[in-house]
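Inspection log for the structure reproduced underneath, given as structure tokens.
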Amino acid sequence: MTIWNRHFECMEREEMRVCQGERLRDMVERIYYNVPFYREKLQQHGLTPEDVQTIDDLKKLPFTTKEDLRDNYPFGMFAVPQSEVVRVHASSGTTGKPTVVGYTRRDLSMWSEVVARCLIGAGAEKHDIVQIAYGYGLFTGGLGLHYGAEKIGAVTIPISGGNTKKQIQLMKDFGSSVLCCTPSYALYLAESIEESPYSLNELNLRVGVFGAEPWTEEMRKQIEAKLKLRAIDIYGLSEVIGPGVSCECEVQSGMHIHEDHFIPEIIDPETLEPLPPGEVGELVFTTVTKEALPLLRYRTKDLTRLHYETCKCGRTLVRMEKCKGRSDDMMIIRGVNVFPSQIESVLLEMSETSPHYLLIVDRANNLDTLQLQVEVEDAFFQDKISQLQLLRNKIQMNIESTLGLSVDVKLVEPKTIERSEGKAKRVIDNRKF
Ligand code: DLL
């Protein structure tokens, strides 16, 4: 297995901690003197840059949130003069203004470096033809993967998201061997290939680099079977850099975090106390090398756990498990915490259902209701009604036994649920709080 940057990707733990400590010290000094927001916050905690000497001092420092970025919209948290910023991206905010992120030339070069590590780790190489079907534009997916793919010397196809027929045609004509897109779009592409004049055997796909939204192991199996490729999970968020914060290697056993640049912690989202390795909690990142928008203990709201053992691939970089969802994506239905991914797992374990589903949350007579719409094979609709009824009951029972929650299941015909070209929308919450 090839490793792009053996020095950092296989560094001994103690050496990594020393490196992180030095970089953290430098970063805290930069934000203290260049970003009024951070200076005030550190002062409020009675801290000065001298209080940060080693990586162990990280836990003393205050957290940063998406709201802080929004309050300082658009450029208020940048740590360099505007003349040094060469790019901005923005992620759609859940409410109101978008979150704006900036990059210096060195930030862009660091970003390409980490994405190059991801692609090589995923099994891509110089001779590959990389089709980038993440959106280009303010979203970081397209351009993020783009520069990493060019960096490893691959032929890079900046097709962006959507335009499914053309995706498939170019995939065949150009012989694309690596596909980068969201996992939900990968499934949609698979389905569209089945209906296209081309067969999978005419395609040359080998590796998929899928991320930007949560997906399950079961979904991975389906995508790998349908597209005949190895499906690799890539993680990132605009605030931290974009795609490439972490990525699986060919072993597919957790995503290696590029912790020489992004120091991870897991905290209890309620008490904000750091949790020991192996426990599930909220992922927090400190970016120690980023120049334009350094982030101190940024709360991602993503829930996962970290593993520090050396991977079979030889990398020592800490691995994060697939995200279990976000602490704020979690629905509370009649007091029960529900993640869409839990329902997805139940559906994908059953052979009769498809991974295309939609959850509709509402409230009737002060009681939360959850409806699950899921597509089932056409054959079921040709069968007797009783078959449908049996299947409906089965799904209901499986979900109830997993979640302890009753759900109204509505079976719908194939292709009725809107397909996504980007991030899938799995939940519609009509409750008014
Ligand atoms: O989604 C960056 C990205 C682009 C990652 C392409 C991977 C591939 P944002 O739009 O800022 O950035 O959204 C970040 O998406 O906090 C997670 O909740 C979610 N997310 C990203 N990757 C994964 C993943 C991009 N592999 C938010 N698994 C993050 C689960 C993911 N969730």
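This one's a predicted model, so the numbers in the text were calculated from it and none came from an experiment. Atoms within a ligand are numbered from 1 in the order they appear, just like the ligands themselves.
- Listed by atom number, the atoms of ligand 1 under 4.0 Å from G141 heavy atoms are 4 (C), 6 (C).
- Scanning all heavy atoms of the two residues, the minimum distance from L411 to V409 falls at CD2-CG1, 3.8 Å.
- Across every non-hydrogen atom of I417 and Y357, the tightest pair is CD1-CA, 3.7 Å.
- In L237, the parts holding a heavy atom less than 4.0 Å from any atom of ligand 1 are both the side chain and the backbone.
- Taking the six-membered ring for Trp and the full ring otherwise, F8 and H258 have centroids separated by 6.0 Å or more.
- The shortest non-hydrogen separation linking E321 to T304 is O-OG1, 2.7 Å.
- Checked against R230 for a salt bridge (Lys or Arg N to Asp or Glu O under 4.0 Å), the options E224, E250, E248 give a single hit: E250.
- Those atoms of ligand 1 that come under 4.0 Å of a heavy atom in G211, given as number and element, are 7 (C), 8 (C), 26 (N).
- Among the atoms of T300, none of the N or O lies under 3.5 angstrom from an N or O of ligand 1.
- The C323 neighbourhood of ligand 1 comprises atoms 30 (C), with distances under 4.0 Å to a heavy atom of that residue.
- In terms of polar-atom proximity, W215 is not counted as a contact of ligand 1, lacking any N or O under 3.5 Å from an N or O of the ligand.
- Ligand 1 has no nitrogen or oxygen under 3.5 angstrom from a nitrogen or oxygen of F139.
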Carefully, step by step, assess L119 and L145 under the rule side chain to side chain contact (heavy atoms under 4.5 Å, CB included). CA-CA 9 Å; L119 289 169; L145 264 303; 4.1 Å; yes

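- Within the 4.5 Å cutoff, the side chain of L347 has no heavy atoms near those of the P355 side chain.
- Close contacts between ligand 1 and Y134 involve ligand atoms 6 (C), 8 (C) [criterion: under 4.0 Å to a heavy atom].
- Residue contacts with ligand 1: K423 is included, with a non-hydrogen atom under 4.0 Å away.
- Nearest-heavy-atom check against atom 14 (C) of ligand 1 across S91, G236, S238 picks out G236.
- When only interatomic distances are considered, the shortest N/O to N/O separation between M255 and ligand 1 does not fall below 3.5 Å.
- In this structure, W111 and H89 have perpendicular ring planes: the angle between them is above 60°, well past the 30° mark.
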